[in-house]
Amino acid sequence: MAIRKMGKASFAHIMDATARIQIYVRLDQVGEDAYAVFKLLDIGDIIGVEGEVMTTKTGEITIVVARLELLTKNLRPLPIVKEKEEDGQKITYDAFADTEARYRQRYVDLVVNRAVMDVFRKRSQIISAMRDYLDGRGYLEVETPVLQPIYGGATARPFITHHNALDMRLYMRIADELYLKRLIVGGYDGVYEISKDFRNEGIDRTHNPEFTMMELYVAYKDYNFMMQLVEEMVNVIAQKVLGTSRITYQGSEIDLTPPWPRLPLFAAIEKYAGINLYGMAVDELKATAKELHVEIEDFWGAGKIIDEIFANKVEAHLIQPVFICDYPVELSPLAKRHRENPKLVERFEPYIAGREIGNAFSELNDPLDQRDRFDSQMKLKEAGDEEAQVLDDDFLRALEYGMPPTAGLGMGIDRLIMLLTDQASIRDVIFFPTMRPEKQ
RNA sequence: GAGGGCGUAGCUCAGCUAGGUAGAGCAGCGGCCUUUUAAGCCGUCGGUCCUGGGUUCGAUUCCCGGCGCCCUCACCA
């Protein structure tokens, strides 16, 4: 948007959600009153124009305005972003760049920084493409409770709230998992949910307290099936929204074309840290962590230490898509034991650009084993692990009625969108990221 | 939670380790201008220099505390 006013004829650019075009306003065409109104316009005012289209002597398509109407007058000046094209390069002057102002006043950010609007348009297209893909395979989109008397399905601290009429504590969900699996018990063979989860954790460029998660559960399938689904789905989405499987994320070229390699967790650690942790006792693991300069807490169990070493030594190397699979059982209280090794579970996490974008497993459907796993979690909680999972009696009761073998998946949608839109911060893919309240 | 950086006009920034209570461009306002495109020219308005304290004759500038934002690390998706 820009206005170039002159005495009796002026140029301006008008813009809507899709494009901008130049208008040419002449005193002798619109009349004195309309021209007077035009001269009072500010950038950000909303107008309607009618007129013929012409090409100016510099070759720009331009509307010669015959009628001009002011639709909305603004009272606050819009930050002016000036652009100049030089040798095909677009130079921007006076950009509205203050990140705090951009996040707090996203409406201004969207108006002024049009590229931001495109990122969010892609966000919408990515989610639509995902729905299309899942719907096309016959999976049913469902909704489960956000307010839960017992939170579960992930290791995280919850937000706590209170219901007045029932006078009871409720938690904002940290995951959809346990309710969706109840629906599998109920007999659906494929359900998914795309919705907000809430975790009472720190905020950084890959974490927002409320974030969008997609969870999918498919009966009579296992984690191998789910790996194929993930690599295919992500690639299909990229093809549909971006038209390519080759993307660039923060300078790294990434090829999403399936199949993605499968790399067992212990093999990955051995590959990048040079040590095979498999079979090590807790003391041995603690010593190894120290040697590798990985900081750990005293109360941590073997699984957590392994996870920490992995996070510190391996994650950053996983730029191209890869499935890290077969995690230690202690880390995954809801996953089924590995068919070949009961100390492991059939679980995988897809990594792209050094970042985990999901988590999946063959779901644990043995109610007795599940009860044991919950018991182990409760012990961790007593030992001081605030994020350990809580026993859910009704969920166990559901499993006791019989859940078929099931494959489950959770995907962080915001992170997938960051990846596909090449955004460095989760705050650049969430319209209104969580911020401290503005001080008056 | 720890470390680092930043916070000056509506926007983008300068001034600040040579302390004398602020400046540019754009926007706004008033003029001139019938093919401009970062339009131009003339004039003009605009600031608790984030906040509270300290040092000082005097602080936007130096020191300390606070608040906010960003980055890195830690926890997690």
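Residue numbers begin at 1 in each chain, while the letters A, B, ... track the order of the sequences.
- Between B:A24 and B:A9, the two C1' atoms lie 11 Å apart (nearest whole Å).
- With rounding to whole Å, A:Ile43 atom CD1 is found 15 Å from B:U12 atom P.
- Annotation: B:C69 and B:C32 have their C1' atoms spaced 44 Å apart (nearest Å).
- In this structure, a donor-acceptor pair under 3.5 Å is absent between the side chains of A:Tyr179 and A:Gln148.
- In this model, the phosphate group of B:A74 is approached by a side-chain N or O of A:Asn312 to a distance below 4.0 Å at OP1 or OP2.
- Taking the P atoms as reference points, B:C63 lies 38 Å from B:U44, given to the whole Å.
- Side-chain atoms of A:Thr206 and A:Asp204 include a donor-acceptor pair closer than 3.5 Å.
- As the counterpart of B:C62, B:G54 is assigned, both hydrogen-bonding distances of the Watson-Crick or G-U wobble pattern falling under 3.5 Å.
- Counting to the nearest Å, the P atom of B:C75 and the CG atom of A:Leu331 are 13 Å from each other.
- Nucleotide B:A24: paired with B:U12 (Watson-Crick or G-U wobble, both distances less than 3.5 Å).
- A gap of 14 Å separates the C1' atoms of B:A38 and B:C11, to the nearest Å.
- Here, B:A74 and B:U8 have their C1' atoms 34 Å apart, quoted to the whole Å.
- The two residues A:Phe96 and A:Asn113 come nearest to each other via the heavy atoms O-ND2, 3.0 Å.
- Between the CG atom of A:Leu41 and the P atom of B:A27 there is a distance of 15 Å, given to the nearest Å.
- For B:U36 and B:G20, the P atoms lie 47 Å apart once the distance is rounded to whole Å.
- For B:A18, the base is syn relative to its sugar; the glycosidic angle is within 90° of 0.
- Between the side chain of A:Asp204 and the base of B:C75 there is at least one donor-acceptor pair of N/O atoms closer than 3.5 Å.
- Scanning for salt bridge (charged side-chain N to carboxylate O under 4.0 Å, His left out) contacts around A:Glu52 gives an empty result, with sequence neighbours left out.
- Counting any heavy atom pair closer than 4.0 Å across all strands shown, A:Ala97 reaches sugar-phosphate atoms only and no base atom.
- Candidate nucleotides B:C75, B:A27, B:C11 were compared by shortest atom distance to the side chain of A:Lys304, and B:C75 ranks first.
- No side-chain N or O of A:Thr144 forms a donor-acceptor pair with one of A:Asp176 less than 3.5 Å apart.
- A:Glu215 comes within 4.0 angstrom of no nucleic acid atom, judged by non-hydrogen atoms across all strands.
- In this structure, A:Arg106 atom CZ and B:C69 atom C1' are separated by 15 Å, rounded to whole Å.
- No side-chain donor from either of A:His338 and A:Arg347 sits under 3.5 Å from a side-chain acceptor of the other.
- Ring centers of A:Tyr351 and A:Phe310: under 6.0 Å apart, within the cut-off.
- For the C1' atoms, the distance linking B:C45 with B:G10 amounts to 13 Å, nearest Å.
- When both distances must be under 3.5 Å, the Watson-Crick or G-U wobble mate of B:C73 is B:G1.
- When the side-chain nitrogen and oxygen atoms of A:Lys82 are compared with OP1 and OP2 of B:U12, none of them lie within a distance under 4.0 Å.
- Regarding A:Lys84, its NZ atom lies at a distance of 16 Å from the C1' atom of B:U12, rounded to whole Å.
- A:Tyr223 and A:Phe361 have their aromatic ring centers separated by at least 6.0 angstrom.
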*asked:* At under 4.0 Å between heavy atoms, how does the protein contact nucleotides 30-36 of chain B? Give one character per nucleotide, 5' to 3', with B, S or -.
replied: ---BBBB
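- Across the strands present, B:G47 finds no partner; the criterion is a Watson-Crick or G-U wobble pair with both atom distances under 3.5 angstrom.
- Ring-centre distance between A:Tyr24 and A:Phe11: below the 6.0 Å cut-off.
- Distance A:Asp98 CG to B:A9 C1': 15 Å, rounded to the nearest Å.
- Summarising the geometry, the separation between CD1 on A:Ile203 and P on B:C71 is reported as 11 Å, rounded to the nearest angstrom.
- A straight line from CG of A:Asn74 to C1' of B:G10 spans 11 Å, rounded to a whole angstrom.
- No engagement by A:Arg157 is indicated, since no non-hydrogen atom pair under 4.0 Å with the nucleic acid exists.
- Nucleotides B:C26 and B:G68 place their C1' atoms 26 Å apart, quoted to the nearest Å.
- Remark: B:U35 base-pairs with no nucleotide in the shown strands. Criterion, Watson-Crick or G-U wobble with two distances under 3.5 Å.
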